[in-house]
Amino acid sequence: MQKTAWWQTGMKVIQYNLQVRDTGKMNPEDIARDARGLGADAVVLNTGGIYAWYESRVPFHHINEFLPEGRDLLKKLIEACHKEGVYVIGRFDFSKAEDEVYLQHPEWFVKDPDGKPVIYGKERMGNWSLLVSTCINGGYRWEEFAGKVLEEAIGMLELDGVFFNAPHMEDCWCENCRRKYRNLYGVDLPGEKQEWNSGWKTRCLQDNMEFLYRRIKAADPALPVIMYYSTYQEQGMHQAENLEDKYKTADLICTEAQDILSAGKESLPYRWKPILNMKLGRLPGKNLRPFGIIHSCPGMDWRHTGLPAAEYEYWMSQIPAAGGQLWHSLTGFDRTITDHRMLETVRQVNEKTAVSNRYLEDAAPVVDAWILWSGSKKELAMAKAFLECHISFEFLNLLLLEQNLNPEQYPLLMVADGSRLKTKQLQYLREYVARGGRLFVEKTDSETDTVLEELMGIVPETMCTGSLQAAYGELPETSGLRSRLEQTRYLPVRGQYLNVRPVEGTQKLITLIPPFAPPDGVGAPPERASMPVGHTEIPLAMMHPYGKGNVLSVCFELAELVTEIGLEDQKILLENLFAALAGENLKVRAWNLPDGVHLSVWEKQGRWMLQIVNGIGERPLRTANACGNLEIALRKETEGPVRGGSVLEHYPVRVISEKEWIRIQIDRLDVWDLIVVEEERDGLVEEKAFSNDTK
């Protein structure tokens, strides 16, 4: 039986961002011992690129001038880490080089449209040289420099892995880029980057990483390569990244989720960003766990201080809870770190992560829905809305959408507003629904396809779009969607909507109540606030049976309302619509989880692992705001008795087995807990005795 490689197990990594002027303070034995004391399985250490941290012989490789003469510090540090049982990943950064290199090889560097280099640190105080951006298509990042450095470092140092920092392409108009663009696309490189081919920068990165990957494997086939993957941008990406292509040039992938507090409260990152990043780093059906890199600072402009402890713990906990591998990024090492409060927080989270990793080994996420993902802003809004409503989902990259989608593997697919599905992709979805799949479509624009009209169950060529203010949606009195909304008649809606006419057999779930006044007249006088129309037959949501499946269409911006407004009724409506479509396929329900608490559920051989993270409170969090009386339900899959309990925070848990559901009641949650539920049997792996009350 082949032994599992060290890097294929759940890991806790610490990246020490070493400062060259602190080189003389580095004691290898102390650093290795401190890393093990913090719970690290591996460390990331500066190795080569901008600075060589060893006695390099490669021309133009700037050796750290603070290295002590006659003593190979990095080699000693690697040896000390190995003695402590800590693996060492070499960090290489080929994105920049010193100005002296530029003066001798200007063809290696990025050029702006005017042919000038891109320079960093022009206003940096102190006795520092300038750094100039290197071109991803220039010789520096290929055989003339990077290839030689990798071959040398791997030959000289006992590295356990390789990580590339800042490997992506910077906008460049150098002759190398112009030549490659002409060869690829048959036209000159446009002067405006908005006019570049959408795959240009991805292609350049992929080509360069393929070269570096082959170079490393030629030197040591067993050495794992770690590479960044792209996640999302708040304004929406142009195109989602194909992770299958990414794994052709990397053994492990990672991404950052910086908690940039220095940008101010109005610009805080989305509160579940680390969880979103981990979801975007998973491939359906593959047990590959991405790394989530968490920086300890509240912004790189304040990198010499730490995040508030409560905010830091909450932010870090999201990574292992979402099935990722935790990667800490610290400025300096224990002796030079100027804010030691963060170290205790790292240690505490690593202890809980070690427990969590053991339970999640070979476990799979329990998924109720798959969001079709291309990186658009509306798809991001849908993902955020699902997180806010505690709906269990994963992403299915549109680039990986294929024929013969299995409804059992993908029980419910989500199409966000504005998704540009090609005719072939829509045909795949039609076959999927006909075979029993369930499709949730949010649509407010009139650009459509005959296949989509057929799936939605609407009359072709009758659509028109509009914009709503001061409008409402109405649920029929007998609708099953009125759960928790029984005492209200109207639900607030606004934004873009699509006016359609359903075909016979399409059920209207919500109908439009038109605005009672224009926006400038909604407040006064109240005597004129009566509804001009109390009911219409204009649908805002519909259910259409198709083949063996169903299609639920929402014709207004529900996801945007949940994320931007977030009224309770809007969230309940989304939850009810989703439950109506999922039916008996719904596996997880958050019966009583407050806003600011996230749930993800994992399963392995009849055991469920419920990961719960608490981010309640105004951010940045100053203290952990405990909550209680939480209740979660799992679809019952066994007739036998079940038991469960907390393995991280050890507060009382009650597990109640009913006809269709297993109800899990949790007395208290501080920050992050793992609740394990399983059939009663011998051999339960317990970190401590369960604190539970099982019925």
Side-chain angles (χ1 to χ4, degrees), residues 231-232 234 255-280 292-299 306-324 326 328 341-342 345-346 348-350 352-353 356 380-381 383-393 562-566 568 571 575 588 590-601 609-632 646 648-649 651 666-675:
T231 51
Y232 71 91
E234 293 291 343
T255 194
E256 298 181 9
Q258 289 195 43
D259 194 5
I260 305 176
L261 306 183
S262 58
K265 288 188 177 182
E266 296 300 318
S267 302
L268 287 175
Y270 178 55
R271 63 180 173 181
W272 301 123
K273 183 174 183 177
I275 288 171
L276 263 177
N277 282 2
M278 295 302 95
K279 288 180 178 291
L280 288 166
I293 301 176
I294 302 296
H295 294 281
S296 61
C297 56
L307 287 160
E311 177 82 8
Y312 193 23
E313 183 179 3
Y314 149 69
W315 205 252
M316 286 191 291
S317 299
Q318 293 184 50
I319 298 295
L326 186 54
H328 309 274
R341 295 171 296 181
M342 71 177 75
T345 309
V346 168
Q348 291 172 358
V349 174
N350 275 347
K352 296 173 78 171
T353 299
S356 175
L380 181 59
K384 289 181 176 180
F386 273 39
L387 286 170
E388 298 297 328
C389 293
H390 310 108
I391 296 173
S392 175
F393 76 93
V562 170
T563 56
E564 294 184 6
I565 307 297
E568 179 188 21
K571 293 181 177 180
E575 294 164 6
V588 181
W591 282 359
N592 185 29
L593 281 186
D595 289 349
V597 172
H598 179 263
L599 166 70
S600 62
V601 181
M609 284 75 71
L610 285 67
Q611 297 273 12
I612 315 173
V613 179
N614 176 13
I616 292 175
E618 182 182 358
R619 292 183 52 217
L621 298 176
R622 187 174 181 183
T623 59
N625 300 290
C627 58
N629 301 316
L630 310 179
E631 186 164 353
I632 301 156
S646 163
L648 294 183
E649 294 190 345
Y651 292 116
I666 304 159
D667 276 10
R668 175 174 168 141
L669 172 67
D670 289 339
V671 180
W672 169 32
D673 204 355
L674 170 58
I675 309 299

message: Going by the rule salt bridge (charged side-chain N to carboxylate O under 4.0 Å, His left out), which residues pair with R668 if we only count those two or more places apart in sequence or in a different chain?
response: D670
field: Listed partners of D673 passing salt bridge (charged side-chain N to carboxylate O under 4.0 Å, His left out), at least two apart
entry: none
So do [Y] and [X] actually touch side chain to side chain, heavy atoms under 4.5 Å?
| X | Y | answer |
| --- | --- | --- |
| N625 | T623 | yes |
| V613 | Y314 | yes |
| V597 | I612 | yes |
| L380 | L276 | yes |
| V671 | E649 | yes |
| L307 | C297 | no |
| K265 | E618 | yes |
| Y312 | I294 | yes |

How far apart are the closest heavy atoms of [X] and [Y], and which atoms are they?
| X | Y | answer |
| --- | --- | --- |
| S262 | G299 | OG-CA, 3.6 Å |
| M316 | L326 | O-CD1, 3.9 Å |
| L268 | P620 | CD1-N, 4.5 Å |
| A626 | N614 | CA-ND2, 4.0 Å |
| R619 | P269 | NH1-O, 2.9 Å |
| A310 | L621 | CB-O, 3.9 Å |

query: Which of parallel (below 30°), tilted (30 to 60°) and perpendicular (above 60°) describes W272 and H598?
result: tilted
- prompt: Could you walk me through whether D259 and K273 pass the salt bridge (Lys or Arg N to Asp or Glu O under 4.0 Å) check?
  reply: CA-CA 9 Å; D259 194 5; K273 183 174 183 177; over 6 Å; no
- prompt: Would E388 and T563 satisfy side-chain hydrogen bond (donor to acceptor under 3.5 Å, both in side chains), going step by step from the backbone distance to the final call?
  reply: CA-CA 8 Å; E388 298 297 328; T563 56; over 6 Å; no
Is the side chain of [X] donor-acceptor paired with the backbone N or O of [Y] at a distance under 3.5 Å, no angle test?
| X | Y | value |
| --- | --- | --- |
| S317 | E313 | yes |
| S600 | A321 | yes |
| H295 | E256 | no |

- request: For side chain to side chain contact (heavy atoms under 4.5 Å, CB included), just list the numbers for I293 and T255, CA-CA rounded to whole Å, side-chain angles, deciding distance to a tenth of an Å, and then say yes or no.
  value: CA-CA 6 Å; I293 301 176; T255 194; over 6 Å; no
Kindly compute the distance separating [atom1] ([X]) from [atom2] ([Y]), expressed to the nearest 0.5 Å.
| X | Y | atom1 | atom2 | answer |
| --- | --- | --- | --- | --- |
| S646 | L674 | OG | CG | 7.5 Å |
| L648 | I675 | CG | CD1 | 8.0 Å |
| I632 | L593 | CD1 | CG | 4.5 Å |
| N277 | Y270 | CG | OH | 12.0 Å |
| L669 | L630 | CG | CG | 6.0 Å |
| N350 | S356 | CG | OG | 11.5 Å |

query: Does E631 have any side-chain contact (heavy atoms from CB on, under 4.5 Å) partners at least two apart in sequence or in another chain, and if so, which?
result: W591, N592, R663, Q665
field: Test side chain to side chain contact (heavy atoms under 4.5 Å, CB included) applied to K279 and L387, step by step
entry: CA-CA 11 Å; K279 288 180 178 291; L387 286 170; 4.2 Å; yes
field: Y232 vs L280, side chain to side chain contact (heavy atoms under 4.5 Å, CB included): CA-CA, chis, key distance, verdict
entry: CA-CA 8 Å; Y232 71 91; L280 288 166; 3.8 Å; yes
query: Do W672 and Q611 get their side chains close enough for a donor-acceptor pair, meaning under 3.5 Å?
result: yes
Under-4.0 Å salt bridge between E311 and R622: no
